[in-house]
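Scope of the values below: all heavy atoms of this structure, side chains included, with no hydrogens, waters or symmetry mates. Residues take their numbers from the sequence shown, with the count starting at 1.
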Amino acid sequence: MSSSKMPPIHKRKFEDYQPELHRSSNPENYEVVGSVITAPKKQASHARDLPLVSNSQRESRDEPPQDNGSSSHASKEWQMVDRKDKRKPKRKKAGDEKDRVKYPELTYHANVTAPIRIADLQALALYALADGIGPSWVAFKHARHTRKVVVLMVPGLERVMFDGRMSIDEGSDSLTSFGEEESNFNESRSRDDGFRAWRNAVPAKTYKQGNPMELKVQYLPKALQPLVAIFDDVWQVKAPGDSRYAKLHSPIQAMLISPLPQSRENKSVKGPKPPAEEKGWQSQRTAIADFIHTADDLRDAEYPLHPAVLDGDVEAALLEQERRAKTGQNAASGWVDTRVSKFSDGTVSSIATEQGSITSGRTVYAVDCEMVLTSDDKYSLARISIVDWDGTTVLDELVKPSLPIKNYFTQFSGMTSAILDPVQTSLSEVQSKLLDLFNPQSILLGHSLESDLTAMKLTHPFIIDTSLIYPHPRGPPLRSSLKFLAQKYLRREIQQHDSRGHNSVEDALAVLDLVKLKCERGPKWGTSEAAGEPIFRRLARNTRKDVGGIERGVTSAMVDYGTPERGYGKEATVHIGCESDEEIVKAVARAANGDSDGKVVPGCGVDFIWARLRELESFRGWCNNNREYTTVDKLHAFRPEKASAPDSAATREESDLPVRSVESDCITDTAKTPDLSVRSENQSLGSRSTTPTLQSTIASTVSHIRAIHDALPPCTLFIVYTGTGDPREVGRLQKMQQQFRKEFKVKKWDDLSVKWTDDEEQALKRAVERAREGMALMCVK
């Protein structure tokens with residue numbers, strides 16, 4: 001029965017409805033609902049919405065009450081009936097609810113005290129498009145309805161530009177007097193805000209010190225103010241690195257290499273877990289000669305250098321000769337060099353090399369030694385073991401030290417007085433055998449082989465060290481132990497004889513097998529890159545429904561300078577190479593919206609885009625002066641001297657030092673230099689081209705960001721991140737450290753051109769910590 005049939009409530013006396021009940025009880029104990037007389041309230045207290053009515057009144061409850069003075073309607077029999085729902089039904093929106101688009105939305109419930117990581121930004125993109133896990137630092141509502149994700153890397157922007165600590169006035173590229181150090185800035189924040197408010201004649205407001213920090217137009221320079229119309233907050237991002245050892249890691253790899261999912265099968269395995277291998281890992285068979293270390297690698301690992309390694313570098317050869325004489329590593333101290341006159345003597349002609357051979361015609365020997373401590377507090381050779389490529393033991397001899405033994409280190413070397421006392425073989429006899437065994441085509445393998453060569457008092461130009469080709473996850477100077485590498489990569493237990501010490505033959509075989517595995521799997525095997533997979537490949541494994549409801553793989557695009565189809569971008573669906581930031585903007589718009597014919601870019605565009613703007617980075621001198629950017633110095637010929645580096649004493653060459661390794665940022669092999677002929681937004685099109693300034697370059701970069709945002713379709717997650725902070729001071733200090741290491745073992749302290757003390761060491765760590773301060777902007781269009 002509909003509520004429209006319900007009669008109106010008549011304002012009549014209670015006894016008109018039920019005179020008998022009125023005479024027998026107080027009417028206040030009863031409740032009137034329309035024409036229905038309910039039971040006493042105390043009886044209906046447990047069911048308000050279910051009133052009790054008599055059987056007789058149940059039939060006539062729809063009729064108006066009649067006052068006939070009869071009590072025949074009264075009855076002691078009661079029945080529970082349902083109350084009519086008077087609530088109006090919800091009005092359904094037009095269209096099927098499943099087809100309605102739920103708009104994605106980013107919300108921040110509370111301040112994140114710690115900076116987020118670039119890996120968190122990557123996880124956010126994977127959560128929107130693939131199989132990522134929802135982030136805890138931001139609430140992403142209706143994330144699965146995100147149509148596209150665009151990640152734009154803009155090196156050169158800094159958070160200090162947004163909070164007033166850095167002035168970007170014409171020709172300026174330095175921190176303001178409001179506090180170069182973070183601690184000074186925090187202590188004087190309130191005073192700075194008051195001064196800034198007084199200067200700008202605006203009410204004093206306190207900056208939001210948490211993460212994210214709200215963008216306020218009154219605090220932003222004019223060049224950055226257009227960003228307020230797009231983004232609400234600026235996030236503090238911690239770039240990858242190791243501040244303890246003053247290392248900066250690649251921010252590009254942190255975004256484009258995703259970690260592999262953890263395996264559930266290895267939770268019960270004790271010891272080091274086996275290496276994680278990405279799905280579809282493609283082994284790259286590599287010749288063993290490609291792993292031979294260069295002179296710089298050996299010098300950094302403190303190897304005694306063979307003269308052939310420095311063939312052609314006369315100055316470096318003289319410095320090494322002086323160093324070896326000073327440290328007692330020359331012929332006068334009993335040292336010998338293998339019979340290799342030139343480094344090129346180790347090359348084997350292709351005619352004599354079997355096709356597809358890993359050894360490439362070279363003879364390979366794995367070496368391991370056991371040492372004891374002698375009376376001169378130096379380690380002397382006690383046992384040497386050598387195995388060839390087939391695993392056959394070529395040499396295994398005990399050696400009697402020339403000086404009295406101070407400590408046998410039995411728990412490690414396995415040597416005792418009972419073992420070494422009968423031995424008559426001397427070190428010089430062993431050296432003679434080694435000189436006959438090793439030739440210019442020989443390659444020596446070992447784990448931390450520099451200590452073994454020092455004990456043998458021998459140098460050789462062709463070295464492969466497993467502690468270097470299997471780098472420690474935290475980078476040098478840390479090294480993984482041979483036992484750890486054998487457990488992790490070979491699933492083999494070695495060095496288990498605690499009382500009898502190590503077995504040098506067993507260790508040499510482990511080294512040999514590690515190198516063989518490296519040659520079979522490829523150069524990236526055993527490195528941090530092997531523990532992840534390209535984000536483009538991970539996206540392609542997931543599926544999405546297109547407009548027609550057909551499932552397809554998630555598509556992606558790489559937009560960068562040069563040839564982005566190489567390096568990290570080779571797994572992307574679409575590759576677009578550019579020569580300027582303006583071309584980058586057009587390419588991103590093309591990748592997001594698609595081509596009309598769909599030949600290069602699908603007609604609906606791709607789902608994920610990674611791109612990079614580089615003109616601001618080049619202007620500020622943040623580019624790496626390596627093989628990727630051979631003409632980077634020309635970029636700074638147009639820049640004012642004030643913008644060269646934070647330190648006025650730093651030269652332009654020092655400002656453009658390679659802060660990271662070539663592999664870390666080398667996305668393309670033939671990347672072209674960005675065009676610095678940028679134009680300020682306030683500059684008319686008909687005016688003459690002037691020398692770009694920091695302010696005009698930032699304004700141009702901001703206009704590019706706005707243009708990309710305007711070209712994106714709705715429901716697109718747009719992320720802008722900088723990667724790192726200013727790396728120039730890190731590069732300057734790293735160059736000082738390298739120069740100091742070259743001269744320290746050769747020259748006297750007063751004759752050093754660069755002195756590296758604890759002050760410089762702490763300054764380098766602080767510079768790395770500052771360089772790791774990146775930032776990010778994000779929104780959903």
Side-chain angles (χ1 to χ4, degrees), residues 284-299 301 303-313 316-317 320 331 335-369 384-397 429-450 452-469 504-505 507-523:
Q284 183 180 355
R285 190 177 176 90
T286 308
I288 192 172
D290 294 344
F291 296 105
I292 296 177
H293 299 299
T294 63
D296 292 336
D297 296 336
L298 298 176
R299 185 184 293 109
Y303 269 81
L305 299 184
H306 190 281
V309 177
L310 304 173
D311 187 20
D313 194 343
E320 178 63 17
W335 280 68
V336 295
D337 301 325
T338 55
R339 301 185 182 100
V340 182
S341 9
K342 296 183 298 180
F343 192 83
S344 58
D345 292 344
T347 305
V348 180
S349 63
S350 58
I351 300 177
T353 303
E354 183 180 355
Q355 186 176 4
S357 173
I358 292 180
T359 58
S360 303
R362 310 289 287 266
T363 55
V364 181
Y365 299 106
V367 183
D368 189 78
C369 299
I384 178 172
S385 301
I386 301 177
V387 297
D388 60 12
W389 183 254
D390 297 328
T392 304
T393 301
V394 177
L395 180 66
D396 186 16
E397 285 200 25
E429 294 175 348
V430 172
Q431 288 176 337
S432 299
K433 295 180 180 179
L434 296 178
L435 292 177
D436 295 336
L437 179 63
F438 300 150
N439 55 54
Q441 286 77 40
S442 299
I443 300 176
L444 302 187
L445 316 180
H447 187 81
S448 297
L449 191 57
E450 76 279 3
D452 298 323
L453 293 175
T454 300
M456 292 186 291
K457 293 186 176 182
L458 179 140
T459 63
H460 189 69
F462 310 111
I463 302 293
I464 298 178
D465 192 334
T466 52
S467 68
L468 300 181
I469 62 175
S504 54
V505 176
D507 292 350
L509 289 173
V511 168
L512 177 65
D513 291 339
L514 285 171
V515 175
K516 286 183 177 180
L517 182 63
K518 189 81 170 182
C519 294
E520 291 291 343
R521 305 309 295 270

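With contacts defined as side-chain heavy-atom distances shorter than 4.5 Å, the pair L298/I463 qualifies. Within the 4.5 Å cutoff, the side chain of M456 has no heavy atoms near those of the Q431 side chain. Contact of the Q441 side chain with the V340 side chain is not registered, since no non-hydrogen atoms from C-beta on lie closer than 4.5 Å. In this structure the side chain of D345 reaches within 4.5 angstrom of the side chain of K342, judged on heavy atoms. Side-chain atoms of I292 and I464, non-hydrogen and from C-beta on, do get closer than 4.5 Å to each other. Taking 4.5 Å as the limit, every side-chain heavy atom of N439 sits out of range of all side-chain heavy atoms of R339. D507 has its side chain out of reach of S504: every pair of non-hydrogen atoms, C-beta onward, lies at least 4.5 Å apart. No side-chain heavy atom of T363 sits less than 4.5 Å from a side-chain heavy atom of I443.
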Checklist entry - So D465 and S467, side-chain hydrogen bond (donor to acceptor under 3.5 Å, both in side chains) or not? Walk me through it. => result CA-CA 5 Å; D465 192 334; S467 68; 2.8 Å; yes
Checklist entry - Can you list the steps and then say if D396 with I384 is a side-chain contact (heavy atoms from CB on, under 4.5 Å)? => result CA-CA 6 Å; D396 186 16; I384 178 172; over 6 Å; no
Checklist entry - Checking side-chain hydrogen bond (donor to acceptor under 3.5 Å, both in side chains) for the pair D297/T294: CA distance, chi angles, key distance, verdict? => result CA-CA 5 Å; D297 296 336; T294 63; 3.1 Å; yes
Next on the checklist: For R285 and I358: C-alpha separation, side-chain torsions, deciding distance, then whether side-chain contact (heavy atoms from CB on, under 4.5 Å) applies.
Outcome noted: CA-CA 8 Å; R285 190 177 176 90; I358 292 180; 3.3 Å; yes
Next on the checklist: Quick one, K516 with W389, criterion side-chain contact (heavy atoms from CB on, under 4.5 Å). Give me CA distance, side-chain angles, the key distance, then yes/no.
Outcome noted: CA-CA 9 Å; K516 286 183 177 180; W389 183 254; 3.4 Å; yes
Next on the checklist: One pair to check against side-chain contact (heavy atoms from CB on, under 4.5 Å): L445 and I288. What are the steps and the verdict?
Outcome noted: CA-CA 10 Å; L445 316 180; I288 192 172; 4.2 Å; yes
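In terms of modelled atom types and a separation under 3.5 Å, the side chain of T392 and the main chain of D388 share no donor-acceptor contact. Although no hydrogens or angles enter the test, the distance criterion places a donor-acceptor pair under 3.5 Å between the side chain of T286 and the main chain of Q284. The backbone N or O of D337 lies less than 3.5 Å from no partner atom in the side chain of H306, so there is not a single donor-acceptor pair. The closest donor-acceptor contact from the side chain of K518 to the backbone of P523 lies under 3.5 Å. A distance-only check finds no donor-acceptor pair linking the side chain of R362 to the backbone of V348 [under 3.5 Å]. For D513 (side chain) and A510 (main-chain N/O), no donor-acceptor pair under 3.5 Å exists by modelled atom type.
Between F462 and F343, the ring planes lie tilted relative to each other; the angle falls in the 30° to 60° range.
L434 contributes atom CG, which lies 9.0 Å from atom CG of L444 (distance to the nearest 0.5 angstrom). For the atom pair I469 CD1 and H293 NE2, the distance stands at 6.5 Å (nearest 0.5 Å). Between D290 atom CG and C519 atom SG the span is 8.5 Å, to the nearest 0.5 Å.
In plain terms, the two heavy atoms of L305 and E320 that are nearest each other are N-OE2, 3.3 Å. Nearest approach of A317 to L310, heavy atoms of both residues: CA-CD1, 3.7 Å. Looking at every heavy atom in both residues, S357 comes nearest to T359 through OG-OG1, 3.1 Å. Across L512 and A366, no two heavy atoms sit closer than the pair CB-CB, 4.1 Å. Minimum interatomic distance between H460 and S442 (heavy atoms only, all atoms of both residues): NE2-O, 2.8 Å. Scanning all heavy atoms of the two residues, the minimum distance from A295 to V309 falls at CB-CG1, 3.3 Å.
The ring-ring contact (aromatic ring centres under 6.0 Å, His included) search around F291 returns none, not counting sequence neighbours. With sequence neighbours excluded, no residue forms a ring-ring contact (aromatic ring centres under 6.0 Å, His included) with Y303.
R299 and D296 are joined by a salt bridge, as a carboxylate oxygen and a charged side-chain nitrogen come within less than 4.0 angstrom of each other.
Inspection of the D368 and S385 side chains reveals no N or O donor paired with an N or O acceptor under 3.5 Å.
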